[in-house]
Novice: 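Okay, here's the structure, questions in a sec.
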Amino acid sequence: MTQMTVGDFKAQFSAVLDMVLQGEEVQVLYGRLKKPVALFTKIEEKPKKKKRPLGLYEGKATYWEDETFEFTPENLFDNMDDLL
């Protein structure tokens with residue numbers, strides 16, 4: 001692991017990114033006491049998730065629609081008493 005002060009880190013930022021891409025860890029130190037404040041490491045790529053198939057219930061469920069079906073605000077609340 002490489003340790004750098006904030007000033008060195010800023011001055012060599014591109015080189016630090018190259019080091020991190022190669023797998024090296026870089027710790028950034030701050031202040032006169034040089035306390036560690038950050039650790040830069042390479043992010044491991046997560047495997048891509050499989051896409052969920054669409055139409056999971058294809059062939060297992062059906063629906064039908066009446067040709068006279070009309071959706072209006074009035075018939076939306078007509079059967080509300082039956083549901084409660």
Side-chain angles (χ1 to χ4, degrees):
M1 176 177 3
T2 304
Q3 294 183 332
M4 305 179 107
T5 63
V6 173
D8 291 339
F9 178 77
K10 288 178 9 180
Q12 301 174 15
F13 185 72
S14 295
V16 170
L17 284 181
D18 290 336
M19 291 168 34
V20 169
L21 288 173
Q22 293 174 6
E24 189 170 344
E25 293 182 341
V26 178
Q27 189 176 35
V28 179
L29 308 173
Y30 178 74
R32 282 186 281 154
L33 299 177
K34 296 185 180 177
K35 289 187 177 183
V37 293
L39 178 65
F40 288 84
T41 61
K42 183 177 180 179
I43 296 176
E44 299 299 326
E45 292 185 24
K46 295 180 183 178
K48 292 185 178 181
K49 292 183 179 180
K50 294 181 182 177
K51 291 186 177 181
R52 287 192 309 177
L54 294 177
L56 190 59
Y57 291 105
E58 186 174 352
K60 297 179 182 178
T62 60
Y63 78 97
W64 61 272
E65 189 175 304
D66 190 6
E67 294 93 23
T68 62
F69 179 77
E70 291 182 15
F71 183 76
T72 62
E74 291 82 25
N75 67 10
L76 175 65
F77 298 108
D78 283 347
N79 297 325
M80 200 62 155
D81 294 332
D82 296 340
L83 296 174
L84 298 175

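Keep in mind it's a predicted model, so treat the numbers as computed, not measured. Hydrogens, waters and symmetry mates play no part in the numbers below; they use all other heavy atoms, side chains included.
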Novice: For the CG atom of Leu39 and the CD atom of Gln3, what is their distance to the nearest 0.5 Å?
Specialist: 10.0 Å
Novice: Which pair of non-hydrogen atoms, one from Leu21 and one from Lys42, has the smallest distance, and what is that distance?
Specialist: O-NZ, 3.5 Å
Novice: Count I, L, V, M, F, W, Y as connected when their side-chain heavy atoms are under 4.5 Å apart, and connections chain through other members. Are Val6 and Leu29 then in the same cluster?
Specialist: no
Novice: Between Val20 and Met1, is there a shared hydrophobic cluster once you connect ILVMFWY residues whose side-chain heavy atoms come closer than 4.5 Å?
Specialist: no
Novice: Find the distance between NZ (Lys10) and OG1 (Thr5) and round it off to the nearest 0.5 Å.
Specialist: 10.0 Å
Novice: Please tell me whether Val26 and Val37 are part of a single hydrophobic cluster in this structure, the criterion being side-chain heavy atoms less than 4.5 Å apart.
Specialist: yes
Novice: State the CZ-OH distance between Phe9 and Tyr30, to the nearest 0.5 angstrom.
Specialist: 14.5 Å
